[in-house]
Amino acid sequence: MSTEQGPTVRELAVQALSSIEGGYDLLAPKFDRTPYRTPDRVLDAVTDEVRRLGPFDTGLDVCCGTGAGIGVLRQLCRERVVGVDFSAGMLAEARTAFPPGGERPAGEGPAVDWVRADARSLPFAPAFDLAVSFGAFGHFLPAERFGLFAEVYGSLRPGGQFVFPIGAPPPVGSRAYWTLLGFDAAMRVRNALWRPRFVMYYRTFRLGDVLEDLTRAGFVVRLTPLTELGRRPDGSPRARLVVATRE
């Protein structure tokens, strides 16, 4: 589940029996050495595709964790980027990787800021040209998804874009299919028997439902294949980039 420097089985068990916020506070120091961090190849593929949509001045990483998405935004935005998360532990690690600061000399990239807040109630006026999010949507129940998208919509300037990758579902009956099904089933049992809940589901973020909720929130949505991540045997892309624009 992780490298030798990553969390132990006991540490993962403690996290799994905690709340989302508390669990990530515990996991934060070793998070980047777990499989849960978005792989660099995904970050690079998104960066290459989104660069074609720019230029951008300001960027927001929604549920930023330890800051992997900020690394993407610093390559795409010219003036300022902001990471928002509700885990103090994750933000502490992110600040170490990307220290906050005001305006920076030319050539040193955009200024970086960190904000602790719940993504379901973002504290921003329409200030951003670009918003991204990586690997966080499983922490929101389907009933919360529209509200989350509406908060991002309200944080973007007219013409601003909310982008994120979404993988193709594994083939029915494949090993990956049964693994994700089993994980979600175990999580539902855990949450039925234990408090506080730890919301993390892999099979609730279905593309059709996501597109519907983005449209309801006011976005105009299109999909772009992330060809760098390969194709499935039937020729369809393994992952797509969702591009949701506030017009």
Side-chain angles (χ1 to χ4, degrees), residues 20 35-54 56 59-65 68-73 76 83-85 119-120 128 130-153 155-156 160-172 174-181 183-184 187 199-246:
I20 302 174
Y36 308 122
R37 180 189 182 275
T38 301
D40 286 339
R41 64 188 184 90
V42 175
L43 300 172
D44 292 343
V46 171
T47 302
D48 291 344
E49 193 62 41
V50 176
R51 186 174 282 115
R52 300 185 178 98
L53 307 177
F56 307 100
L60 175 66
D61 184 5
V62 181
C63 304
C64 63
I70 290 294
V72 171
L73 290 175
L76 299 171
V84 60
D85 203 284
R120 293 167 294 189
F128 299 98
L130 175 65
V132 301
S133 192
F134 295 94
F137 295 123
H139 294 303
F140 299 92
L141 297 171
E144 300 173 313
R145 191 168 49 227
F146 165 75
L148 169 66
F149 292 162
E151 289 292 314
V152 177
Y153 183 93
S155 302
L156 291 169
Q161 298 177 84
F162 179 31
V163 304
F164 52 87
I166 186 167
V172 175
S174 67
R175 180 176 180 180
Y177 173 88
W178 291 114
T179 297
L180 298 183
L181 181 64
F183 181 94
D184 281 10
M187 186 61 68
V199 176
M200 179 63 228
Y201 298 110
Y202 283 102
R203 301 176 70 252
T204 58
F205 201 70
R206 298 183 177 92
L207 180 59
D209 298 333
V210 169
L211 298 181
E212 180 179 349
D213 285 341
L214 285 167
T215 302
R216 287 178 55 216
F219 287 105
V220 175
V221 189
R222 64 185 178 88
L223 300 173
T224 301
L226 289 171
T227 55
E228 292 180 37
L229 299 179
R231 294 186 177 274
R232 303 203 297 178
D234 64 1
S236 62
R238 294 189 181 277
R240 292 180 171 89
L241 185 71
V242 177
V243 181
T245 303
R246 173 175 178 170

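Computed over heavy atoms, backbone and side chain alike; hydrogens, waters and symmetry mates excluded.
Nearest heavy-atom pair, L73 versus G59, reported as atom, atom and distance to 0.1 Å: CD1-C, 3.8 Å. Residues V132 and G69 come closest through the heavy atom pair CG2-O, 4.4 Å. Nearest heavy atom pair, residue A68 against residue L43, reads CB-CD1, 3.9 Å. Heavy-atom minimum distance, R232 versus P237: CG-O, 4.3 Å. Scanning all heavy atoms of the two residues, the minimum distance from R238 to L229 falls at CD-O, 3.4 Å. Nearest approach of R246 to F219, heavy atoms of both residues: N-CD2, 3.8 Å.
Taking CZ from F137 and CD1 from I166, the interatomic distance works out to 8.5 Å, rounded to the nearest 0.5 Å. Remark: D85 CG to C64 SG distance equals 4.5 Å, nearest 0.5 Å. Taking OH from Y201 and CG from D184, the interatomic distance works out to 7.5 Å, rounded to the nearest 0.5 Å. How far OG1 of T38 is from CZ of F164: 13.0 Å, rounded to the nearest 0.5 Å. Remark: S133 OG to L148 CG distance equals 7.5 Å, nearest 0.5 Å. Here T245 contributes atom OG1 and L156 contributes atom CG; the two are 9.0 Å apart, rounded to the nearest 0.5 Å.
Looking only at side-chain heavy atoms (C-beta outward), D61 and V84 stay at 4.5 Å or farther from each other. Side-chain contact between L226 and R240 is absent, with no heavy atoms from C-beta onward closer than 4.5 Å. Side-chain contact check for L130 versus L60: every heavy-atom pair is 4.5 Å or farther apart. Side-chain contact between V242 and V163 is absent, with no heavy atoms from C-beta onward closer than 4.5 Å. Looking only at side-chain heavy atoms (C-beta outward), L76 and T47 come within less than 4.5 Å of each other. Counting heavy atoms from C-beta on, the side chains of F140 and C63 come closer than 4.5 Å. Side chains of D209 and T204 form no contact here, defined as non-hydrogen atoms less than 4.5 Å apart. In this structure, the side chains of Y202 and M187 stay at 4.5 Å or more apart for every pair of heavy atoms.
Between the T215 side chain and the L211 main chain, a donor and an acceptor come within less than 3.5 Å of each other. With hydrogens and angles disregarded, no donor-acceptor distance shorter than 3.5 Å links the side chain of S174 to the backbone of P170.
With sequence neighbours excluded, no residue forms a ring-ring contact (aromatic ring centres under 6.0 Å, His included) with F134. With sequence neighbours excluded, the residues that form a side-chain contact (heavy atoms from CB on, under 4.5 Å) with E212 are R216.
For the pair R203 and F183, the NZ or CZ position fails the cation-pi test of under 6.0 Å to the six-membered ring centre and within 45 degrees of the ring normal.
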- prompt: Does the pair T227 and R231 meet the rule for a side chain to side chain contact (heavy atoms under 4.5 Å, CB included), with working shown?
  reply: CA-CA 7 Å; T227 55; R231 294 186 177 274; 3.8 Å; yes
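A ring-centre distance under 6.0 Å is not found for Y153 and F162.
A side-chain donor-acceptor contact under 3.5 Å links T224 and R222.
Using a 4.0 Å cut-off between charged side-chain N and carboxylate O, R37 and D40 make a salt bridge. Salt bridge status for D44 with R41: absent, with no side-chain N to carboxylate O gap under 4.0 Å. Between R120 and E144 there is a salt bridge, since at least one side-chain N of the basic residue sits less than 4.0 Å from a carboxylate O of the acidic one.
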